[in-house]
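One is the number of the first residue; the rest follow in order along the sequence.
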Amino acid sequence: MQPTEYIWQNGEFVRWDDARVHVLTHGLHYGTGVFEGVRCYETGKGPAIFRGKDHFKRLRQSAELYYMDLEYSDEEFLQATKELISRNGLKSCYIRPVAFRGYGEIGLFPLNSKVEYAIAAWEWASYLGDDGKANGIRAKISSWRRMSPASFIPQAKASGQYLNSVLAKIESFKAGYQEAILLDENDFVCEGSGENIFVIRDGQIATPPLTASILEGINRDSVIQIARDLGYSVIERNVARAELFVADEVFMTGTAAELVPVREIDDHVIGEPGEITRQLQGKFDDALYGRAPEYAEWLDFVEADLPVEEKPAQV
């Protein structure tokens, strides 16, 4: 990770090396925090945060599910992020907002520990690599199951819950794969360690539903809308493990990974990225980089709050 000059912490901009938390921070010991992964892209009209409002709305919803009252509004978080990007002179970057229980009391009861905040931004290429985006990745179905909704809240993007994904990620890495695919407690396909998954067969696109313990991905939602706008049928339904092996195409979506094709699963060859995946990937990239006016509402520009059509082109 390449450090930048500033981080936003608890309402102030501090130097990267000066950002601090106490060693008895509650979130460090018990995972009591929520976070988001957001990206900003360099467009022809300046840097723009992709669906920033939706990300901060989900941050707030995750916090509410874990009894955390956030003292900043979604708009205040968004404006702080814009200023952070501007202060650091970034054009394209990954953004990590986090809210967590700080130093207060040690013990499982969290409500006496004050909520603290931070937003960091840095340049970060696609999580699964440019080659993965171009040619597809190899994935392994993990022996670890996605956490059950009877034990956790899968719809919350909560820090402690990601130990589940960490185990799956390490297992796939040690076995020589680039990503893991987790099944849910009913043995249906759930998601990757940090991505939602889509399966294409006979021209129809399927993706696991919210009832399959998935995180309600913002890029997932974007790609579903794009696919339907292009005339494809997208069905949210349970997906059997074997469907992955006989699929015509498989791809994954996530803020860090963007849209990445899957060319092989458990040594079953899916093949090179297919026509539908390529079409969706191209249109999705157009939306991310401001080349698709029909999705301009998804862009929150860093340097101004004017509607996209009124923003002057950079020269």
Side-chain angles (χ1 to χ4, degrees), residues 36-58 74 78 81-82 85-86 90-95 121 123-130 132-136 194-200 203-207 215-236 249-262 273-315:
E36 279 295 315
V38 193
R39 278 195 184 270
C40 174
Y41 294 89
E42 184 172 9
T43 76
K45 297 177 180 179
I49 301 168
F50 187 70
R51 298 191 65 169
K53 296 181 182 68
D54 295 308
H55 278 286
F56 286 113
K57 178 181 178 181
R58 189 172 67 180
D74 298 356
L78 184 59
T81 302
K82 290 180 179 181
I85 293 168
S86 182
L90 297 167
K91 301 299 182 183
S92 290
C93 59
Y94 182 83
I95 305 155
E123 293 182 353
W124 195 21
S126 177
Y127 175 58
L128 294 173
D130 291 339
K133 282 189 65 177
N135 301 309
E195 308 86 14
N196 295 114
I197 190 166
F198 292 79
V199 178
I200 304 172
Q204 187 176 85
I205 304 170
T207 191
L215 180 70
E216 191 172 2
I218 291 171
N219 280 11
R220 171 186 182 271
D221 177 73
S222 303
V223 170
I224 288 173
Q225 181 171 333
I226 288 170
R228 287 173 175 163
D229 290 346
L230 291 173
Y232 292 107
S233 170
V234 183
I235 300 176
E236 297 178 64
E249 305 175 43
V250 177
F251 66 87
M252 306 176 91
T253 63
T255 295
E258 300 171 315
L259 192 157
V260 60
V262 180
E275 179 180 350
I276 297 176
T277 298
R278 284 294 189 218
Q279 186 181 13
L280 294 176
Q281 188 180 50
K283 179 59 74 171
F284 183 54
D285 279 351
D286 286 344
L288 297 178
Y289 288 94
R291 299 188 296 261
E294 65 269 39
Y295 303 117
E297 65 180 3
W298 287 344
L299 300 177
D300 294 302
F301 282 87
V302 170
E303 296 173 358
D305 293 322
L306 295 172
V308 62
E309 62 271 18
E310 296 180 19
K311 290 177 179 290
Q314 291 185 338
V315 295

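In this structure, Pro261 and Gly132 approach most closely via the heavy-atom pair CD-O, 3.5 Å. Across all their heavy atoms, Thr43 and Ala48 have their closest contact at CG2-CB, 3.9 Å. Closest non-hydrogen pair, Ile85 versus Cys93, comes out as CG1-SG, 3.9 Å. Counting all heavy atoms, side chain and backbone alike, His55 lies closest to Gly37 at CE1-O, 2.9 Å. Closest approach of Gly203 and Ile276 over heavy atoms only: CA-CD1, 4.0 Å.
One finds the CD1 atom of Ile224 at 6.5 Å from the CG atom of Asp221 (value rounded to the nearest 0.5 Å). We find the CD1-CE distance between Ile197 and Met252 to be 4.5 Å, quoted to the nearest 0.5 Å. One finds the CD1 atom of Ile49 at 10.0 Å from the CG atom of Leu299 (value rounded to the nearest 0.5 Å). Here Asn219 contributes atom CG and Phe50 contributes atom CZ; the two are 5.5 Å apart, rounded to the nearest 0.5 Å. With rounding to the nearest 0.5 Å, the separation of CD1 in Ile205 from CZ in Phe198 is 8.0 Å. To the nearest 0.5 Å, the span separating OG1 on Thr81 from CD1 on Ile95 amounts to 6.0 Å.
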Residues Arg220, Glu236; criterion salt bridge (charged side-chain N to carboxylate O under 4.0 Å, His left out); working and verdict:
CA-CA 11 Å; Arg220 171 186 182 271; Glu236 297 178 64; 2.7 Å; yes
Begin from the C-alpha positions of Asp285 and Leu259 and carry the test side-chain contact (heavy atoms from CB on, under 4.5 Å) through to its verdict.
CA-CA 8 Å; Asp285 279 351; Leu259 192 157; 6.0 Å; no
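Under the salt bridge (charged side-chain N to carboxylate O under 4.0 Å, His left out) rule, Asp300 has a single partner from Lys82, Lys53, Arg39, which is Lys53.
Under the side chain to side chain donor-acceptor pair (under 3.5 Å) criterion, Ser222 pairs with Arg51, sequence neighbours left out. Scanning for side-chain contact (heavy atoms from CB on, under 4.5 Å) contacts around Ala257 gives Tyr127, Leu128, Glu195, Val260, with sequence neighbours left out. By the ring pair (Phe, Tyr, Trp, His ring centres under 6.0 Å) test, Tyr94 is found to be paired with Trp122, Trp124, residues two or more places apart in sequence or in another chain being considered. Residues meeting the side chain to side chain donor-acceptor pair (under 3.5 Å) test with Arg58, sequence neighbours left out: Glu36. Residues satisfying the side chain to side chain donor-acceptor pair (under 3.5 Å) criterion with Glu123, sequence neighbours excluded, are absent altogether.
Proximity of a side-chain donor or acceptor of Thr253 to a complementary backbone N or O of Glu258 within less than 3.5 Å is not detected. At distances below 3.5 Å, at least one donor-acceptor pair connects side-chain atoms of Gln281 with backbone N or O atoms of Lys133. Looking at Ser92, its side chain does come within 3.5 Å of a backbone N or O of Glu42 through a donor-acceptor pair. Checking side-chain atoms of Asn196 against main-chain N and O of Gly254 turns up no donor-acceptor pair under 3.5 Å.
Put simply, the side chain of Val302 reaches to within 4.5 Å of the side chain of Cys40, judged on heavy atoms. For the pair Pro47/Glu303, a side-chain contact is recorded, criterion being any heavy-atom separation below 4.5 Å from C-beta on. Between Arg278 and Glu249, every side-chain heavy-atom pair lies at or beyond the 4.5 Å cut-off.
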Side-chain donor/acceptor pairs under 3.5 Å, residues 225-232, sequence neighbours excluded:
residue: Arg228; atom: NH2; partner: Val234; partner atom: O; Å: 2.8
residue: Asp229; atom: OD2; partner: Tyr295; partner atom: OH; Å: 2.7
residue: Tyr232; atom: OH; partner: Gln279; partner atom: OE1; Å: 2.4

